[in-house]
Amino acid sequence: MKNLKIIFTFVLFLLFSFGNAQKVGVVDTEYILDKMPQYKEAEARLNSQIDTWQSELQSLQAEYEKKRSAFESEKVLLVGDQLKLREKEVMDLDKNIKTTTSLRFGNTGEIAKLRTNLVQPFQDQIWNAIKAMAEKNGLGIVLDKSNNVNVIFLQKRFDYTDKVLDILLKGSEQEKKTNSKGKK
């Protein structure tokens, strides 16, 4: 029902837009991000960090399994403080694994924050390029087909993805030239 309301609202929005003779364009920001070399480099660094953290977590998990298994097999031989100490070690290690997992891999964990920090500057660049392209081409509305907008049919002339990408790539080439002149 909710999806039907969203679709109905979207259709009304489009009809209203066409009634006022607004030009509509569509871009694919995921495609644009995939074509940006700086984003690919930053994403590779992030993925490397994620791999490192996953390895650390797997090591902790293996250590936990080893200590838990040893504790379970030696449990009958331990008495008093020895039993409590070994049990606490295993429980602390389990708690450490859960805390680390939550802090790094949770919804508000370090990876989510790093990903947001990674994507935000590129989203800003893309937004500025989309704005420039929309103004240049007289577009009243620009939709992003990678942002849960169901584009059922799209004629190539209304897809402005490559034009936005051209603006971004030209901007990065000019930035490289400026940086290389400043370093000489």
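Because only heavy atoms are used, hydrogens play no part in the values below, and waters and symmetry mates are left out as well, while side chains stay in. The first residue in the sequence is number 1, and the count goes up from there.
Here the CG atom belonging to L93 is positioned 5.0 Å from the CD atom belonging to E63, to the nearest 0.5 angstrom. One distance of note links CZ of R68 with OG of S73; it measures 10.5 Å at 0.5 Å rounding. How far OH of Y39 is from CD1 of I126: 8.5 Å, rounded to the nearest 0.5 Å. A distance of 12.5 Å separates CG in L57 from OG1 in T52, rounded to the nearest 0.5 Å.
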For this session: For side chain to side chain contact (heavy atoms under 4.5 Å, CB included), just list the numbers for D51 and Q54, CA-CA rounded to whole Å, side-chain angles, deciding distance to a tenth of an Å, and then say yes or no.
Result: CA-CA 5 Å; D51 290 344; Q54 284 177 334; 3.7 Å; yes
For this session: Walk me through it: do I50 and R115 pass the test side chain to side chain contact (heavy atoms under 4.5 Å, CB included)?
Result: CA-CA 11 Å; I50 291 170; R115 192 169 302 283; 3.6 Å; yes
Exercise. Hey, mind stepping through K113 and E110 against salt bridge (Lys or Arg N to Asp or Glu O under 4.0 Å) and telling me if it holds?
Worked result: CA-CA 5 Å; K113 290 175 186 172; E110 290 180 57; over 6 Å; no
Exercise. Given the rule in the salt bridge (Lys or Arg N to Asp or Glu O under 4.0 Å) test, do D162 and K156 qualify, once you have shown the distances and angles that lead to the verdict?
Worked result: CA-CA 10 Å; D162 290 329; K156 184 67 178 156; 3.5 Å; yes
For this session: Please test I111 against W53 for side chain to side chain contact (heavy atoms under 4.5 Å, CB included), starting from the C-alpha separation and ending with a verdict.
Result: CA-CA 10 Å; I111 290 175; W53 285 341; 3.6 Å; yes
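Counting only heavy atoms from C-beta outward, the side chains of V90 and Y64 approach each other to under 4.5 Å. Here the side chains of F122 and L168 are not in contact, with every heavy-atom distance at 4.5 Å or above.
With hydrogens and angles disregarded, no donor-acceptor distance shorter than 3.5 Å links the side chain of N137 to the backbone of L139. A donor-acceptor pair under 3.5 Å is absent between the side-chain atoms of S69 and the main chain of E65, judged by distance alone.
Checking D124 against Q120 by side-chain atom types alone, a donor-acceptor pair falls below 3.5 Å.
Apart from L85 itself, the hydrophobic cluster it occupies contains nothing, where clustering links Ile, Leu, Val, Met, Phe, Trp and Tyr at side-chain heavy-atom distances under 4.5 Å.
Considering E87, K88, E89 in turn, E87 is the only one that fulfils the side chain to side chain contact (heavy atoms under 4.5 Å, CB included) rule with M91.
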Let me check something: any side-chain donor-acceptor pairs from residues 100-107 under 3.5 Å, sequence neighbours excluded? List them with distances.
residue	atom	partner	partner atom	Å
T100	OG1	N96	O	2.8
T100	OG1	N96	OD1	3.2
T101	OG1	I97	O	2.7
R104	NH1	E56	OE1	2.9

Donor-acceptor contacts, no H, no angles, side chain residues 25-37, under 3.5 Å, sequence neighbours left out:
residue	atom	partner	partner atom	Å
D28	OD1	E30	N	3.2
D28	OD1	Y31	N	3.3
T29	OG1	D144	OD1	3.3
T29	OG1	D144	OD2	2.6
T29	OG1	S146	OG	2.8

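In K84, the NZ atom is not crowded: 12 or fewer heavy atoms of neighbouring residues, nucleotides or ligands sit closer than 6.0 Å.
For the pair D166 and K170, the salt-bridge criterion is not met [side-chain N within less than 4.0 Å of a carboxylate O].
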